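Written below as structure tokens is the structure these notes are about.
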Amino acid sequence: MLPLELIRREPDRVRHAARLKGETAPIDEILTLDEEWRAHLHKAETIKAEQNTLSKEFAKTRDEALKERLREMADRSKAELAEAEAVKRKLDDLLLRVPNLFHESVPVGETEADNVVLRDWGSKVELGFAARTHYDLGESLGIMDFERAARVAGSRFAFLIGQGALLERSLAQFMLDVHTREHGYTEVWPPMLVNSGSMTGTAQLPKFAADAFKVEGQDLWLVPTSEVPLTNLHREEILDADRLPLKYTAYTPCFRSEAGAAGKDTRGFIRLHQFSKVEMVKVTTAETSMEEFEKLTADAEDILQRLGLHYQLMAMCTGDMGFAQYKKYDLNAWCPGIGRYLEVSSCSVFNDFQAMRANMRYRPARGAPPRFVHTINGSGLALTRTVDAIIETFQRADGTVTVPEVLRPYMGGLEIIGGR
RNA sequence: GGGGAGGUGGCUGAGUGGUCGAAAGCACCCGCCUGCUAAGCGGGUAGGGGGUGUAAAGCUCCCUCGAGGGUUCGAAUCCCUCCCUUCCCGCCA
């Protein structure tokens with residue numbers, strides 16, 4: 001969230017940023033409630049201060065008239081405080097609904113069409129025959145099954161079977177190995193259900209509850225991304241500066257209701273209620289966050305390059321960026337079968353937006369007051385869609401698929417999926 | 001799931017109604033002392049918020065001893081609910 005102080009001082013700046021992001025921000029209500037809150041609080045504290053002084057006096061004098069007066073003061077200060085707290089609760093809820101600002105380098109725009117290609121690595125593969133889709137190939141190879149998944153779970157679920165499941169697992173292991181051994185991340189096995197506090201910390205709540213799955217009757221949510229447990233790992237902590245930046249990576253399933261995506265991407269292994277992802281999260285300082293964000297993006301790109309997949313690095317425009325992000329890049333991998341680029345990674349820097357929500361701070365130096373950390377995350381990569389890109393890019397005329405060399409050691413030396 | 005114990009500052013840990021945001025120790029920081037180090041001596045070191053300062057500093061007040069509520073003029077301390085930790089039993093991948 002944004003500091004209340006900033007909204008007080010520069011409401012127009014916040015309004016403007018929200019507008020360009022295509023979001024709404026209840027700034028006027030916030031300003032009104034802010035004044036109300038402080039008025040009540042001030043009154044409550046004034047009474048309380050006098051009360052505290054007189055109470056000490058009573059301890060000595062045991063004067064009954066004073067006791068009566070104190071009793072009455074206690075009632076008044078409590079009532080005032082309750083009033084202040086009620087207003088503050090409303091205020092806090094609204095604050096959680098104010099979108100983040102954005103970095104000056106973010107292109108201003110409204111839709112996907114206004115995003116900017118920053119890098120274009122490799123080129124569209126020349127197959128020399130008509131490209132088939134991953135779901136067509138997957139089904140005929142017997143490594144993907146959507147029909148049975150629909151029966152077992154419902155639409156937007158899938159089975160990976162045999163070498164398909166092996167491919168997914170090998171990809172996960174390959175990515176984790178690269179990130180931990182070469183990029184300096186610490187592997188984490190996080191909780192895959194989290195509470196509302198964590199969901200609020202990373203800004204899935206309160207605005208986007210409809211996008212996630214909640215466990216019935218309990219304060220537990222299925223993680224929509226391991227960004228949630230990883231970023232919240234140090235929630236409510238004051239970290240030592242010399243520990244930063246923290247770099248975590250995790251391989252987890254992700255669960256999303258896809259509530260707003262009815263009718264979109266219904267075919268194939270693209271938009272599922274459950275997919276898996278290797279995630280990277282960094283916790284750092286204001287001074288280094290933009291640089292660490294670029295590096296994290298490069299870590300994701302490295303995976304695509306090693307796999308030999310053509311991709312584009314897109315700078316998201318203000319309107320396509322999202323509520324919480326300060327700056328965001330997407331990595332889109334080319335899929336010749338479906339004939340379009342699929343988002344296989346999304347890397348974002350949040351500044352202190354998440355840190356304020358999660359109350360995550362660090363101490364710059366001994367004795368210095370704590371400051372909010374900056375958080376960064378990105379997929380490195382989304383496994384399901386990477387599977388798609390691999391199948392479509394490395395398909396062969398006979399419907400089998402060449403395994404990228406870097407994955408072969410993880411697949412028992414397998415060179416061709418569906419080969420014999 | 002049943003029963004017991006417990007949650008206090010960076011850590012250990014005292015504190016059962018006011019003199020307690022909190023003893024003592026450790027750790028850390030700043031001085032002094034010492035040829036250096038260690039020891040010793042003195043001082044300092046929680047977080048959040050309001051008011052007042054252009055801002056920082058400062059001054060001042062309020063809140064916080066797992067969370068929330070209650071009793072009381074007054075709560076770390078008494079009562080209730082919840083959460084978490086831990087031990088024993090049961091169950092279990």
Side-chain angles (χ1 to χ4, degrees), chain A residues 1-11 13 30-96 189-201 205 214-215 217-221 229 232-244 246 252-253 283 286 352 354-373:
Chain A
M1 63 193 197
L2 299 176
L4 182 52
E5 211 187 313
L6 173 75
I7 297 174
R8 243 180 243 156
R9 206 164 354 154
E10 300 180 79
R13 186 171 155 212
I30 286 175
L31 292 174
T32 310
L33 289 174
D34 177 39
E35 281 187 30
E36 251 179 72
W37 165 60
R38 283 188 290 167
H40 285 298
L41 187 62
H42 187 68
K43 208 180 277 181
E45 288 187 351
T46 308
I47 300 169
K48 192 72 211 244
E50 195 188 352
Q51 201 183 323
N52 286 345
T53 315
L54 292 181
S55 193
K56 280 188 195 117
E57 199 181 310
F58 173 81
K60 282 181 263 169
T61 64
R62 303 280 160 176
D63 176 52
E64 279 303 310
L66 183 55
K67 182 172 172 175
E68 191 46 48
R69 192 174 151 208
L70 277 165
R71 203 194 309 262
E72 180 258 340
M73 286 177 79
D75 287 344
R76 276 196 296 138
S77 66
K78 267 182 203 165
E80 240 4 279
L81 194 63
E83 197 63 39
E85 277 168 0
V87 175
K88 187 61 162 55
R89 265 194 298 277
K90 271 192 252 172
L91 177 59
D92 285 340
D93 180 67
L94 290 180
L95 278 174
L96 291 174
W189 181 84
M192 291 164 213
L193 279 78
V194 296
N195 58 30
S196 299
S198 298
M199 290 285 278
T200 306
L205 292 180
K214 187 170 188 305
V215 176
Q218 294 194 54
D219 184 31
L220 283 174
W221 301 75
N232 279 285
L233 179 55
H234 296 287
R235 177 172 143 203
E236 312 278 332
E237 286 187 41
I238 299 175
L239 300 157
D240 290 331
D242 56 19
R243 290 183 67 188
L244 304 179
L246 295 166
T252 70
V283 175
D352 55 4
Q354 292 183 323
M356 283 189 72
R357 293 170 160 252
N359 195 20
M360 198 159 35
R361 294 169 293 172
Y362 76 103
R363 209 177 285 284
R366 239 177 267 287
R371 291 168 63 194
F372 286 106
V373 296

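All values derive from a computational prediction rather than experimental measurement.
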B/G9 and B/G44, which share atom name C1', separated by this distance in whole Å | 15 Å

Donor-acceptor pair (no angle test) under 3.5 Å: A/Arg62 side chain, B/G18 base | yes

Neighbour count above 12 (heavy atom, 6.0 Å) for A/Lys214 NZ = yes

Please determine, for B/U85, whether a Watson-Crick or G-U wobble partner exists with both distances under 3.5 Å, and give it or none.
-> B/A5

Check every strand shown and say whether A/Pro369 touches a base, only sugar-phosphate, or nothing at a heavy-atom separation below 4.0 Å.
-> nothing

Paired nucleotide for B/G58 [Watson-Crick or G-U wobble; both distances under 3.5 Å] | B/U52

Is the glycosidic torsion of B/G53 within 90° of 0, making it syn, or is it anti?
-> syn

Does NZ belonging to A/Lys88 count more than 12 external heavy atoms closer than 6.0 Å?
-> yes

Interatomic distance at P, B/U8 relative to B/C61, whole Å | 29 Å

State whether A/Asp75 and A/Arg71 are salt-bridged, where the test is any N-O pair (Lys NZ or Arg NE/NH1/NH2 against Asp/Glu carboxylate O) under 4.0 Å.
-> no

Heavy-atom nearest pair, A/Asn195 first then A/Trp221, reads C-CD1, 4.0 Å

Pick base, sugar-phosphate or nothing for A/Lys88, based on heavy-atom distances below 4.0 Å to the nucleic acid.
-> nothing

Taking the side chain of A/Ala74 as heavy atoms from C-beta outward, which of B/G48, B/G74, B/G50 is closest to it?
-> B/G74

For B/G49, does either OP1 or OP2 sit under 4.0 Å from a side-chain N or O belonging to A/Arg38?
-> no

Each nucleotide N or O in nucleotides 58-62 of chain B that has a protein N or O under 3.5 Å away: list the pair and distance.
{"residue": "B/C62", "atom": "OP1", "partner": "A/Asn52", "partner atom": "ND2", "Å": "2.9"}

Can you tell me the pairing partner of B/G90 across any strand shown, Watson-Crick or G-U wobble, with both distances under 3.5 angstrom?
-> none

Both distances under 3.5 Å, Watson-Crick or G-U wobble: report the partner of B/C65, or none.
-> none

May I ask you to evaluate whether A/Arg71 reaches the phosphate of B/G74, defined as a side-chain N or O under 4.0 Å from OP1 or OP2?
-> no

Could you please name the partner base of B/G40, counting Watson-Crick and G-U wobble pairs only when both distances are under 3.5 Å?
-> B/C32

If you pin A/Lys56 and A/His42 to their nearest nucleotides in RNA chain B, which one's is more 5'?
-> A/Lys56

